[in-house]
Colleague: 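To start, I am sharing the structure in question, which I have written as structure tokens.
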Protein chains: 2
Amino acid sequence: MDQSRAVVALAALAQETRLAVFRLLVRAGPEGMVAGSIAEHIGVPGSTMSHHLATLERADLVVSQRESRLIRYTVNFDGMRGLLGFLMADCCQGNPALCDDLLSVPACQPALAGADR
Amino acid sequence: MDQSRAVVALAALAQETRLAVFRLLVRAGPEGMVAGSIAEHIGVPGSTMSHHLATLERADLVVSQRESRLIRYTVNFDGMRGLLGFLMADCCQGNPALCDDLLSVPACQPALAGADR
DNA sequence: TCGATGTTTCTACAAACATCGAAATGTCTT
DNA sequence: AAGACATTTCGATGTTTGTAGAAACATCGA
């Protein structure tokens, strides 16, 4: 992961529709979802969704696999880990004691009850 | 953290100069850096840097504090944690067993030896 | 091979954004 | 109060991006 790849990945996520798609696929897990189903779920035309999915794939945040007529998209957790690691590299001058628990992200936990926070 | 706040934060990071600034501040840790020093370090005019720092601050990714003539910027780790948590909420249908170690981000670790990866 | 279904490419345009010089604002020293 | 220093706001310009309809492409079932 280098700086410009990270910018591509962040830009891919920095858009309402694509962020919604990404989070939908995060929730879907390894099974992923097919393109048409994603478009329907989010509520945008197929051409628009195709464009967004291509952007996410170019950013290495999702991967696609053809299943006869359908194309199934799943989150690329490796790509995601690369991005997060890049963002936090050498945190606090490489001294974890200064900030390690600040990043105890509740990965894979249900969202907190109530609001989306 | 809601969807549109997350988009604002991701958009703030999805830009070469701002991403470089953010990572610089991540490395700087709690001490942060003053605006002029950041601009000099990155190599952009003060007016441009001011614009970018304001964007990062609006996104809750950094905080600023005036010190007489200088303005010191530091990473807002709380804001960052909120963003990462939002991205990964309900990962794999809330079943950590499916993906938990996929997100074992080496937070606060030195970047891997060699290239920026 | 034909028609149906699912997805992508093409195209065009409006809206949002990055950049940086100049001027304005805030703060310190004397 | 004046001048120096640090930073922000303003203004103008060129570039990038999101959107979605129409057409093209790929795959399947009959």
Side-chain angles (χ1 to χ4, degrees), chain A residues 3-25 28 31-76, chain B residues 3-25 28 31-76:
Chain A
Q3 167 106 350
S4 64
R5 299 265 340 123
V7 166
V8 168
L10 289 163
L13 292 172
Q15 206 277 335
E16 293 275 347
T17 302
R18 286 193 299 264
L19 180 54
V21 169
F22 180 81
R23 299 219 313 145
L24 184 62
L25 292 178
E31 285 190 24
M33 293 175 70
V34 298
S37 171
I38 298 171
E40 185 185 14
H41 210 282
I42 304 280
V44 305
S47 71
T48 302
M49 182 53 65
S50 172
H51 182 249
H52 287 312
L53 287 170
T55 299
L56 286 169
E57 188 163 29
R58 253 181 283 118
D60 288 333
L61 291 169
V62 306
V63 295
S64 68
Q65 189 176 9
R66 185 171 268 277
E67 288 180 4
S68 76
R69 267 189 264 206
L70 311 176
I71 299 191
R72 179 170 301 271
Y73 286 87
T74 55
V75 168
N76 177 359
Chain B
Q3 167 108 349
S4 63
R5 299 268 337 125
V7 167
V8 168
L10 290 162
L13 293 172
Q15 205 277 335
E16 294 275 347
T17 302
R18 285 193 300 263
L19 180 55
V21 169
F22 180 81
R23 299 219 313 144
L24 184 61
L25 292 178
E31 285 189 25
M33 292 174 71
V34 299
S37 171
I38 298 171
E40 186 185 14
H41 211 283
I42 304 280
V44 305
S47 70
T48 302
M49 183 51 66
S50 173
H51 182 251
H52 287 312
L53 287 170
T55 299
L56 286 169
E57 187 164 28
R58 252 181 283 118
D60 288 332
L61 291 169
V62 306
V63 295
S64 68
Q65 188 176 10
R66 184 171 268 274
E67 287 181 3
S68 74
R69 268 188 263 207
L70 311 175
I71 299 190
R72 180 171 300 272
Y73 285 87
T74 54
V75 168
N76 178 0

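The sequence lines fix the lettering, A, B, ..., with proteins before strands; numbering per chain opens at 1.
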Colleague: According to the Watson-Crick and G-U wobble definitions, with both distances under 3.5 Å, which nucleotide is paired to D:dT13?
Modeller: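 Pairing partner, where one exists within any strand: C:dA18.
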Colleague: D:dA6 phosphate, OP1 or OP2: any side-chain N/O from B:S50 under 4.0 angstrom?
Modeller: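 Negative; the distance criterion is not met.
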Colleague: Return the value, rounded to whole Å, for the distance between atom CZ of A:R58 and atom C1' of C:dT8.
Modeller: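 One finds 12 Å between C1' of C:dT8 and CZ of A:R58, rounded.
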Colleague: With a 6.0 Å cut-off (strictly less than), is the heavy-atom count around CD of B:E16, excluding the residue itself, greater than 12?
Modeller: yes
Colleague: Expressed as a whole number of angstroms, how long is the span from A:R66:CZ to C:dT5:C1'?
Modeller: 11 Å
Colleague: Classify A:G46 by what it touches in the nucleic acid, base, sugar-phosphate, or nothing, heavy-atom distance under 4.0 Å.
Modeller: base
Colleague: Assign A:T48 to base, sugar-phosphate, or nothing according to its heavy-atom contacts below 4.0 angstrom with the strands shown.
Modeller: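 Touches a base.
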Colleague: May I have the distance from B:L70 (atom CG) to D:dT8 (atom P), rounded to whole angstrom?
Modeller: 11 Å
Colleague: Once you round it to whole Å, what is the distance between P of D:dT17 and CG of A:L56?
Modeller: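 In whole Å, D:dT17 P and A:L56 CG are 14 Å from each other.
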Colleague: For A:L10 and C:dC17, what is the distance between atoms CG and P respectively, to the nearest whole Å?
Modeller: 16 Å
Colleague: Hey, which of these two, A:H51 or B:S47, hits DNA chain D nearer its 5' end, going by closest nucleotide?
Modeller: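 Looking at the nearest nucleotide for each, B:S47 comes out on the 5' side.
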Colleague: How close do B:A12 and B:L61 get, heavy atom to heavy atom, and via which atoms?
Modeller: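 Minimum heavy-atom separation between B:A12 and B:L61: CB-CD1, 4.0 Å.
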Colleague: From the list D:dT7, D:dC28, D:dG18, which nucleotide is the closest neighbour of the side chain of A:Q15?
Modeller: D:dG18
Colleague: Using whole Å, report how far OH of A:Y73 lies from P of C:dG6.
Modeller: 15 Å
Colleague: I need the CG-P distance between A:L19 and D:dG18, as an integer number of Å.
Modeller: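 That distance rounds to 13 Å.
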Colleague: If you compare all heavy atoms of A:R72 against all heavy atoms of A:G32, which two are closest, and at what distance to 0.1 Å?
Modeller: NH1-O, 3.7 Å
Colleague: Nearest of D:dT27, D:dT8, D:dG21 to any side-chain atom of A:P45?
Modeller: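 The answer is D:dG21.
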Colleague: Using a heavy-atom cut-off of under 4.0 Å over every strand shown, decide if A:R18 touches base, sugar-phosphate, or nothing.
Modeller: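 Contact class for A:R18: sugar-phosphate only.
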Colleague: Considering every strand shown, what is the Watson-Crick or G-U wobble mate of C:dC10 when both distances are under 3.5 Å?
Modeller: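 Its partner is D:dG21.
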Colleague: Could you give the CG-to-P distance, from B:L53 to C:dA18, as a whole number of Å?
Modeller: 13 Å
Colleague: How far apart are the closest heavy atoms of B:A35 and B:M49, and which atoms are they?
Modeller: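 Answer, listing the atom of B:A35 first, then B:M49: O-CG, 4.4 Å.
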Colleague: Counting only side-chain heavy atoms from C-beta out, which of D:dT8, D:dT19, C:dT27 sits nearest to B:R69?
Modeller: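 Of all the options, the side chain of B:R69 is nearest to C:dT27.
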Colleague: Side chains of B:H51 and B:T48: does their closest heavy-atom pair fall under 4.5 Å?
Modeller: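 No; the side chains remain at least 4.5 Å from each other.
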